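What follows is one structure encoded as structure tokens, with my remarks underneath.
Because the structure is a prediction, the values reported are computed rather than measured. Start at 1 and go down the list; that is how both ligands and their atoms are numbered.
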Amino acid sequence: MTDRFDGNFTQQEPIPEEAIAAALEVMRHGRLHRYNTAAGEAGETALLEQEFARFTGAKYCLAVASGGYALATALRAVGVKPGDPVLTNAFTLAPVPGAIASLGARPVFVEVTEALTIDLDDLVARAGEARVLLLSHMRGHICDMDRLMEIAEAAGLVVIEDCAHTMGAEWRGVPSGRHGKIGCYSTQTYKHLNSGEGGLIVSDDAEVMARATLLSGSYMLYERHLASPPAGVFEGLRMETPNISGRMDNLRAAILRPQLARLPEKVAAWNERLARIEAGLADVEGVTLVSRPEAALPVGSSFQFLLPDRTAADMTAFVAGCAARGVELKWFGGEEPVAFTSRYDHWRYAAPARLPRTDRILAGLLDLRLPLTFSPEDCDMIARIIREEVVKLPAC
Ligand SMILES: *Cc1c(COP(=O)(O)O)cnc(C)c1O
């Protein structure tokens with residue numbers, strides 16, 4: 001019998017009832033704007049910031065309108081100016097170079113390794129070219145953060161972490177996003193918390209966070225925050241920092257707070273599913289699983305593997321074969337950008353130089369989402385289908 005999978009790769013779990021109740025409450029009282037609070041009321045957004053600061057162990061947290069907005073705000077808050085080069089890894093999603101471009105700054109791409117993380121040797125070679133590194137933990141793969149921070153410190157690079165895929169992940173027990181100066185997260189539907197759109201910024205740097213808060217559009221009401229630097233830090237900055245509106249609202253924050261409380265459970269559920277797929281493909285000839293350093297605790301909200309040294313025709317046939325059996329894979333080697341799958345050379349505004357090592361890896365890279373609506377048994381079936389379709393490929 002031939003397996004056919006009928007799960008939906010983009011179907012998230014429902015919003016928990018407790019979150020729906022909290023959202024209804026906000027709608028009933030009508031105070032959706034974060035600074036529209038009744039006497040003695042903190043507001044859902046301020047409470048979310050306080051809880052996320054606690055979750056990450058950061059001194060300060062700011063909730064904003066999207067993950068991309070969080071990245072752009074972080075770049076502004078550390079003083080990136082139009083024309084400045086900003087280093088970033090070549091394997092990332094379009095909003096990352098987009099955030100750099102939104103400041104009129106220039107993305108400079110660094111090669112990636114077979115572990116799908118930034119190539120630290122290439123980073124050493126390029127570290128002198130910029131003052132800031134926007135490090136994207138793309139698809140939850142975390143590089144050797146100890147070595148990365150050593151390189152950054154030696155070169156005087158400010159590190160901003162894009163944790164859109166690593167909320168809840170860790171490096172040596174430290175939450176992802178807490179190694180660089182700033183950590184940025186997304187609460188967009190396809191990430192680890194779901195408010196449709198949304199973002200979070202954390203840092204221990206008071207001046208950077210005061211600037212980020214003013215940038216987000218705090219209308220001099222920053223004293224209503226619960227996870228923000230003391231008012232005195234804002235003194236010299238409040239007239240010098242433009243308001244680039246991008247706040248979070250109380251409705252989204254209300255939906256997020258109960259989800260945040262459940263995040264550790266969700267991380268465990270994702271990692272169980274990731275382990276099932278990886279076990280199912282562990283000894284398949286022609287399939288290379290992506291290695292992870294022992295110090296990294298991932299969040300298995302997606303799964304990647306490599307079919308190295310295949311022709312484009314083989315890759316296309318393989319993706320079609322899996323799709324015919326209900327397994328939706330994204331291939332990163334395509335010539336044209338498709339949906340969320342984009343490649344650094346598709347971002348022509350950045351005039352990217354060719355990166356031969358990255359090209360080789362992307363040419364064999366396949367990606368699938370693992371929504372928590374899939375059961376562990378679903379993951380076994382997905383692995384089985386992938387294995388059977390790999391066997392059908394011509395020998396290479
Ligand atoms: C989704 C995503 C972002 C941006 O998040 P949005 O909330 O959609 O703006 C940034 N980086 C990566 C790697 C992402 O996947």
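- The backbone N or O of Gly321 lies less than 3.5 Å from no partner atom in the side chain of Arg325, so there is not a single donor-acceptor pair.
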Taking a 3.5 Å cut-off between nitrogen or oxygen atoms, can you list every pair linking ligand 1 to the protein, with distances?
residue: ligand 1; atom: 5 (O); partner: Ser186; partner atom: OG; Å: 3.4
residue: ligand 1; atom: 7 (O); partner: Gly67; partner atom: N; Å: 2.8
residue: ligand 1; atom: 7 (O); partner: Ser186; partner atom: OG; Å: 2.7
residue: ligand 1; atom: 8 (O); partner: Gln188; partner atom: NE2; Å: 2.8
residue: ligand 1; atom: 9 (O); partner: Gly67; partner atom: N; Å: 3.4
residue: ligand 1; atom: 9 (O); partner: Gly68; partner atom: N; Å: 2.7
residue: ligand 1; atom: 11 (N); partner: Asp162; partner atom: OD1; Å: 3.3
residue: ligand 1; atom: 11 (N); partner: Asp162; partner atom: OD2; Å: 2.8
residue: ligand 1; atom: 15 (O); partner: His165; partner atom: NE2; Å: 2.6
residue: ligand 1; atom: 15 (O); partner: Lys191; partner atom: NZ; Å: 3.0

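- Ion pairing of Lys59 with Asp204 is absent here, as no side-chain N (NZ or NE/NH1/NH2) approaches a carboxylate O to less than 4.0 Å.
- If you take CD1 on Ile20 and CD on Glu25, they are separated by 14.5 Å, rounding to the nearest 0.5 Å.
- Salt bridge annotation for Arg147-Glu150: absent, with no cationic side-chain nitrogen under 4.0 angstrom from a carboxylate oxygen.
- Ion pairing between Glu44 and Arg31 fails under the 4.0 Å rule for side-chain N and carboxylate O.
- Between Glu13 and Arg262 no salt bridge is recorded (no basic side-chain N to carboxylate O distance below 4.0 Å).
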